[in-house]
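One structure is given below, encoded as structure tokens.
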Amino acid sequence: MRIIAAVPQTLPRNAELAERFELLADLLELDGADAFRLAAYRRAAARIREAAVPVAQLALDGKATRLSGIGGTIEAKIVELSETGDLQALAKLRDKLPSGLVEVMHVPGLGPKTARKLWEELGVDSLDSLRAAAEQERLRALPGLGAKTEEKVLKALSAPARRSADTGRTLLGRVLGAVRQAVEEIEGSGLADRVSEAGSVRRRRETVRDLDLIATAADPPALTAFLAGRPWVAEVVAHGPTKATVVSHEGLRFDLRVVPPESYGSLLQHFTGSKHHNVALREEAVRRGLSVSEYGVLETESGETFQAADEDAVYARLGYAWIPPELRENGGELEAARNGSLPALVELADLQGDLHMHTDWSDGRGTLEEMAVAALERGRRYVAICDHARRLRDGRLEQQTEAIAALRERLPKLEILGGIEVDIRADGSLDMPDDVLAGRDWVMASIHSGFDGPRERLTERLVSAMENPHVDCIGHPTGRKINRRPPYDLDFERVLEAAVETGTFLEINAQPDRLDLMDSHARAAAEAGAGIVISTDAHRVHELDNLELGVAQARRGWLTKDQVVNARSWKQVRKLMKS
DNA sequence: GCCGTTTTCGGCCCGACTGTTTTCAGTCG
């Protein structure tokens with residue numbers, strides 16, 4: 001009997017492809033390959049990771065090179081990975097280098113050059129042998145390394161083991177309040193002239209690592225001392241005249257930089273990032289004879305430096321319109337800012353209603369009245385009460401409908417809709433009969449079980465739910481939980497197609513650990529013409545505030561007000577609904 | 001390896017910090 005090589009049954013996911021190219025880049029770097037080649041693999045990995053469609057399929061169709069950063073060579077490698085599950089280039093490097101060396105290279109303070117040297121000179125080929133060598137003080141024998149390096153390595157290795165699932169990044173929703181408080185305190189200190197959040201928080205990335213703050217001050221050391229002395233600071237990591245790094249009792253790491261007023265704009269631009277955005281911005285500037293740094297824009301020929309007190313002046317000097325931070329990921333925003341086609345992004349104030357929330361009629365903690373009043377206080381004009389259908393059997397749905405009618409009398413300023421959230425079962429059917437759904441004002445349908453089925457089945461479950469004439473919107477369409485659970489294996493293009501064909505809306509669920517649709521999916525969905533609903537899925541009163549997280553995600557997905565269904569009055573929403 | 005207002009070759013962002021060095025390589029963001 002002939003042994004047939006294992007062929008992967010399903011195509012590799014984008015995240016899997018990205019990991020392979022990151023590993024390839026790491027191994028090539030250890031092997032001393034050309035730095036630009038590595039950068040190309042890493043750039044491609046980032047592009048693949050954030051793509052909204054399966055890049056493996058794209059490559060098989062010969063269309064992957066449409067993504068910037070992916071050329072013929074990498075496309076061929078994606079095809080190879082899809083067909084054989086591996087890369088010859090990777091196999092070759094694995095033969096040449098010990099498998100543990102990549103981990104050694106990732107120890108903070110070490111890098112590819114040092115890792116390679118440790119292996120060649122001391123035989124270090126894993127974290128274990130690195131620890132042994134450091135403990136035996138053998139690292140200091142190498143040129144360029146000393147006692148300090150040994151100390152640093154041992155400290156890094158003794159740090160609590162980081163589980164692979166723990167990416168070290170915190171949910172945006174868990175830090176936003178703390179960042180705002182820090183900004184307010186700095187403003188209130190009287191020591192700062194201007195203060196701003198920066199970094200990934202300002203870009204509203206769904207997860208963040210460090211919390212960056214920028215300020216100007218007449219007396220910078222007084223301001224850094226002020227931050228270091230806050231009562232919520234548990235540890236002062238670094239504290240100099242213009243910079244302080246502190247860790248709060250909650251474990252959040254704040255980084256404050258105090259800068260001269262005349263370069264505030266350049267520094268804010270620089271520290272907001274993203275790295276990819278800045279690299280692309282600077283590359284294009286170089287072609288125009290300009291050199292951009294955090295201190296200003298240098299005209300190479302004349303030697304003159306343009307300093308910008310405001311961020312929009314930096315962009316203007318380089319020929320761009322000001323770019324909203326949420327778009328600064330090198331996803332086409334520079335081109336759009338140059339030719340005047342940046343989208344007018346949706347804003348929190350545009351949203352008129354919240355079409356997905358729960359009460360204590362199912363698994364919510366707030367009462368119907370508490371949730372409605374809280375929504376009204378937050379400026380919503382309509383809400384859809386969408387308790388789980390499985391908790392509303394045996395006449396409870398009718399009772400809730402009466403309770404909603406009674407509440408409407410008491411809260412005439414809020415339109416309270418009798419909605420429902422139905423489960424999409426394994427066979428694609430819903431857990432409430434059609435005649436009941438026909439009587440609801442608003443129907444959300446979501447998958448809550450059977451996440452790990454094959455791609456075809458999960459896709460078909462969603463498609464058949466969308467084909468139901470009473471289903472208005474699909475809740476948390478990909479099912480991912482950030483840092484905890486990957487999305488279902490879906491043919492997202494097919495889902496989009498069905499959403500457009502059937503007129504079913506797709507949700508951006510604003511729960512901090514869902515944010516589902518994610519940014520790239522939301523962008524693809526809106527471009528395809530699907531209606532997007534941003535909702536909180538709130539289970540308690542304070543979760544109604546999460547709407548801004550959903551709006552941030554929508555903005556990262558380039559969405560305009562027009563593309564967001566609930567940026568309309570309920571009357572207008574009804575005209576867009578299929579039923 | 002990718003890419004093009006320097007278009008199919010020759011470029012590819014910029015600066016700070018660290019630990020180790022007497023001028024810098026490596027690492028980091």
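Since the model is a prediction, treat every value here as computed from it, not as a measurement. Chain identifiers are assigned alphabetically (A, B, ...) following the order of the sequence lines, protein sequences preceding nucleic acid strands; residue numbering begins at 1 within each chain.
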Scan the side chains in residues 52-73 of chain A for donor-acceptor partners under 3.5 Å anywhere in the protein, sequence neighbours excluded, and list what turns up.
from, atom 1, to, atom 2, distance (Å)
A/Q57, NE2, A/D61, OD1, 3.2
A/S68, OG, A/R47, NH1, 2.9

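Looking at residues two or more places apart in sequence or on another chain, you find a salt bridge (Lys or Arg N to Asp or Glu O under 4.0 Å) between A/E299 and A/R317. A/R514 meets the side chain to side chain donor-acceptor pair (under 3.5 Å) test with no other residue; sequence neighbours excluded. Evaluation of the side chain to side chain donor-acceptor pair (under 3.5 Å) rule for A/H276 yields no partner, not counting sequence neighbours. Partners of A/R13 by salt bridge (Lys or Arg N to Asp or Glu O under 4.0 Å), not counting sequence neighbours: none found. Taking A/R94 as the reference, A/D86 meet the salt bridge (Lys or Arg N to Asp or Glu O under 4.0 Å) condition, with sequence neighbours excluded.
Extent of DNA chain B lying under 4.0 Å from chain A heavy atoms, first and last nucleotide in 5' to 3' order, is B/dG1 to B/dC28.
A/G273 comes within 4.0 angstrom of nothing in the nucleic acid, heavy atoms only. When heavy atoms are screened at a 4.0 angstrom cut-off, A/P143 is found touching no nucleic acid atom at all.
Among residue pairs with one or both ends in residues 229-245 of chain A, those qualifying as salt bridge (charged side-chain N to carboxylate O under 4.0 Å, His left out) are A/E185-A/R230; sequence neighbours excluded. The ring-ring contact (aromatic ring centres under 6.0 Å, His included) analysis of residues 78-103 of chain A, with sequence neighbours excluded, yields no pairs. For residues 209-238 of chain A, the set of pairs meeting the ring-ring contact (aromatic ring centres under 6.0 Å, His included) definition, not counting sequence neighbours, comprises A/W232-A/F254.
Pairing for B/dT8 is absent, judged as Watson-Crick or G-U wobble with the two contacts each under 3.5 Å.
Residues A/E197 and A/L211 form no side-chain contact, since every pair of their non-hydrogen atoms from C-beta on lies 4.5 Å or further apart.
Shown for residues 276-300 of chain A: residues whose heavy atoms fall under 4.0 angstrom of DNA chain B, namely A/V279, A/R282, A/E283, A/V286, A/R287, A/S291, A/V292, A/S293, A/E294, A/Y295. Looking at residues 65-72 of chain A, you'll see A/S68, A/G69, A/I70, A/G71, A/G72 sit with a heavy atom under 4.0 Å from some atom of DNA chain B.
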